[in-house]
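Report on the following structure.
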Amino acid sequence: MKILFYLSHPAHFHLFKNVIVALKKSKHKVYVLIKKKDVLEELLIDSNIDYKNILSKERKNNLFSAGLGLLKEDIKVLLYCFNKKINVLVGTSPVISHIGFILRKRSLIVNEDDANVVPLLAYAAYPFATSIVTPNTCKNGKWENKSIKYNGYHELAYLHPNYFKPDISICKMYVDIKKPYFIMRFSKLGAHHDKGVRGLNNNIAIKLIRKLQSHGRIIITSERKLNKELEKFRISIKPTYMHHLMAFSSLYIGDSQTMAAEAGMLGVPFIRYNDFIGKIGYLKELEDKYELGYGIISGDVEKLFSKIDYILKTKNRKKLYIDRRDKMLAEKIDVNKFLEKVIISS
């Protein structure tokens, strides 16, 4: 079988990397196309996964540029799939479903956000997709009838203990592991579904640093520009090492959905601060059912700081959150094996 993966974000690399390797071992012909986004290309190079970059520049974050960029992607992926005689297309981009529909090939859109959270993606991709593969916490609206659901999360595809072993020697390259450290993440919040969404601003970030500094080191990772007061806390780290550093951290605070979930998968308490609180099913489950982290709506600064106090004062915090993580793992499936089965049997 000839299988195409189209990746347009670093998170998609992590989601599919183990499935790609497994399919290749099963003697399937696997092709990987990407478009430039953040550190995506660097991750692929470090992992020795062959790929072709069809869009070398990141597009501007406005509706016109998004539409024009999508058309360019459609054309390039269409020609590639036609020439390679692809049998099934897999990814998170609407391009996957468009090309599958045109060529009458199977297309699997893999997503973890509820349809009403990413409406442009849903309306652009779901009507044309063969199947929509999502966690069972995800609500796919009018497209539920073509949904394939599973009991797990994207992040388990790469952070489950079966696939990821935190390496403390990597952490020692960047931090003194004998002392606590906290990771803060600032997203760009520039995607179409982020319009009007608020997160951690500079003023709140500075207050957070002042509060946490007496408890340990502050490490910042950011998609956006930082002012001088925050820039000195930014860490320059190889992208493939970030999860190792997170695994041994004491707390994650940020406005990124994905990194909050990743912290939960690793048994690290997380606080996410943005306007998506209560709107995304899988994160709501991680917070409400498994108590691995806390979602705080933008503007409720008082609750943000009181929750930090609560976490810092929690006795045996590391063991408590690892136990909660283990409970979650015991109730979830092997996402990679599930995805592999769906792809080859679709």
Side-chain angles (χ1 to χ4, degrees), residues 1-35 37 40-41 43-44 47 49-55 70 73-113 115 118 121-122 124-136 138 140 143 146-150 152-158 160 163 258 282 333-346:
M1 181 181 288
K2 293 184 176 182
I3 304 163
L4 175 81
F5 286 86
Y6 182 47
L7 314 181
S8 54
H9 192 280
H12 306 158
F13 159 80
H14 292 300
L15 170 61
F16 294 122
K17 64 183 179 182
N18 292 312
V19 180
I20 289 170
V21 172
L23 288 168
K24 285 183 175 181
K25 286 182 178 178
S26 299
K27 306 303 180 183
H28 294 285
K29 190 69 175 176
V30 179
Y31 301 89
V32 178
L33 290 184
I34 73 165
K35 68 175 183 179
K37 173 66 176 176
L40 174 57
E41 200 160 8
L43 288 167
L44 285 158
S47 298
I49 293 177
D50 293 331
Y51 68 95
K52 179 178 175 63
N53 188 350
I54 63 167
L55 289 173
L70 187 60
E73 290 173 57
D74 278 346
I75 294 170
K76 291 188 176 185
V77 176
L78 173 62
L79 294 173
Y80 188 89
C81 290
F82 182 79
N83 289 331
K84 297 293 185 182
K85 295 180 171 55
I86 298 297
N87 302 116
V88 58
L89 298 88
V90 185
T92 66
S93 169
V95 173
I96 291 299
S97 58
H98 296 170
I99 305 312
F101 183 80
I102 292 170
L103 296 178
R104 296 296 185 264
K105 302 296 182 182
R106 303 184 195 109
S107 62
L108 303 176
I109 292 289
V110 186
N111 187 29
E112 65 179 347
D113 292 325
V118 286
L121 169 65
Y126 292 179
F128 309 100
T130 305
S131 300
I132 306 158
V133 185
T134 62
N136 56 15
C138 195
N140 294 325
W143 301 282
K146 59 168 63 178
S147 299
I148 299 175
K149 302 223 176 165
Y150 62 93
Y153 312 112
H154 277 194
E155 294 76 16
L156 285 180
Y158 54 97
H160 191 285
Y163 301 95
T258 300
Y282 80 98
I333 67 167
D334 186 317
V335 175
N336 286 310
K337 289 181 179 178
F338 172 82
L339 288 175
E340 184 180 358
K341 183 178 179 180
V342 169
I343 290 168
I344 63 177
S345 64
S346 60

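Quick caveat: nothing in here was measured; it's all calculated off a predicted structure.
In this structure, Ile148 and Phe338 have side chains that are in contact, with non-hydrogen atoms separated by less than 4.5 Å. Counting only heavy atoms from C-beta outward, the side chains of Val32 and Phe16 never approach each other to under 4.5 Å. Under the 4.5 Å side-chain criterion, counting only non-hydrogen atoms from C-beta, Leu4 is in contact with Tyr80. Residues Ile343 and Phe5 meet the side-chain proximity criterion, which asks for heavy atoms closer than 4.5 Å. Looking at heavy atoms from C-beta onward, Tyr6 lies in side-chain contact with Ile54 at the 4.5 angstrom threshold. Proximity of Val335 to His160: side-chain heavy atoms (C-beta onward) are nowhere separated by under 4.5 Å.
Every residue meeting the salt bridge (charged side-chain N to carboxylate O under 4.0 Å, His left out) condition with Lys149, not counting sequence neighbours, appears here in chain and number order: Glu144. For Asn18, the side chain to side chain contact (heavy atoms under 4.5 Å, CB included) partners are Tyr158, Tyr163, Asn336, not counting sequence neighbours.
With a 6.0 Å radius and a threshold of 12 heavy atoms from other residues, nucleotides or ligands, Lys29 has its NZ atom at or below the threshold.
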Please output the side-chain donor-acceptor pairs of residues 82-102 that fall under 3.5 Å, not counting sequence neighbours, one pair per line with the distance.
residue: Asn83; atom: ND2; partner: Leu79; partner atom: O; Å: 3.1
residue: Asn87; atom: OD1; partner: Lys2; partner atom: N; Å: 2.7
residue: Thr92; atom: OG1; partner: His12; partner atom: ND1; Å: 3.2
residue: Thr92; atom: OG1; partner: His12; partner atom: NE2; Å: 2.9
residue: Ser93; atom: OG; partner: Val95; partner atom: N; Å: 3.1
residue: Ser97; atom: OG; partner: Pro94; partner atom: O; Å: 2.8
residue: Ser97; atom: OG; partner: Ala125; partner atom: O; Å: 3.0
residue: His98; atom: ND1; partner: Asp74; partner atom: OD1; Å: 3.3
residue: His98; atom: ND1; partner: Asp74; partner atom: OD2; Å: 3.0
residue: His98; atom: NE2; partner: Ala124; partner atom: O; Å: 2.7

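Going from atom CD1 of Ile49 over to atom CG of Leu7 covers 8.0 Å, rounded to the nearest 0.5 Å. Expressed to the nearest 0.5 Å, how far CD of Glu340 lies from OG of Ser26 amounts to 4.5 Å. One distance of note links CD1 of Ile132 with OG of Ser147; it measures 4.5 Å at 0.5 Å rounding. Within the model, atoms CD1 of Ile20 and CG of Leu339 stand 11.0 Å from one another, a figure rounded to the nearest 0.5 Å. Summarising the geometry, atom OH belonging to Tyr51 is positioned 12.0 Å from atom CG belonging to Leu33; distances are rounded to the nearest 0.5 Å. Note that CD of Glu41 and CG of Leu43 are 10.5 Å apart. Values are rounded to the nearest 0.5 Å.
Within the 3.5 Å criterion, the main-chain N or O of Ala11 finds a donor-acceptor partner in the side chain of His9. Without hydrogens or angle criteria, Lys146 side chain to Tyr126 main chain gives a donor-acceptor distance under 3.5 Å.
Nearest heavy atom pair, residue Ala129 against residue Ser107, reads CA-OG, 3.3 Å. Residues Lys35 and Leu40 come closest through the heavy atom pair O-CD2, 3.5 Å. The minimum heavy-atom distance between Val110 and His154, with the atom names listed, is CG1-NE2, 3.6 Å. Contact record, Ile3 with His28: CD1-CB, 4.0 Å, taken as the closest heavy-atom pair.
Taking the six-membered ring where the residue is Trp, Tyr153 and Tyr282 present tilted rings, their angle falling between 30° and 60°.
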Practice item. Take Asp113 and Leu121 through the test side chain to side chain contact (heavy atoms under 4.5 Å, CB included) and record every step on the way to the result. Key: CA-CA 10 Å; Asp113 292 325; Leu121 169 65; over 6 Å; no
Practice item. Decide yes or no on side chain to side chain contact (heavy atoms under 4.5 Å, CB included) for Lys52 and Tyr31, but give the supporting numbers first. Key: CA-CA 8 Å; Lys52 179 178 175 63; Tyr31 301 89; over 6 Å; no
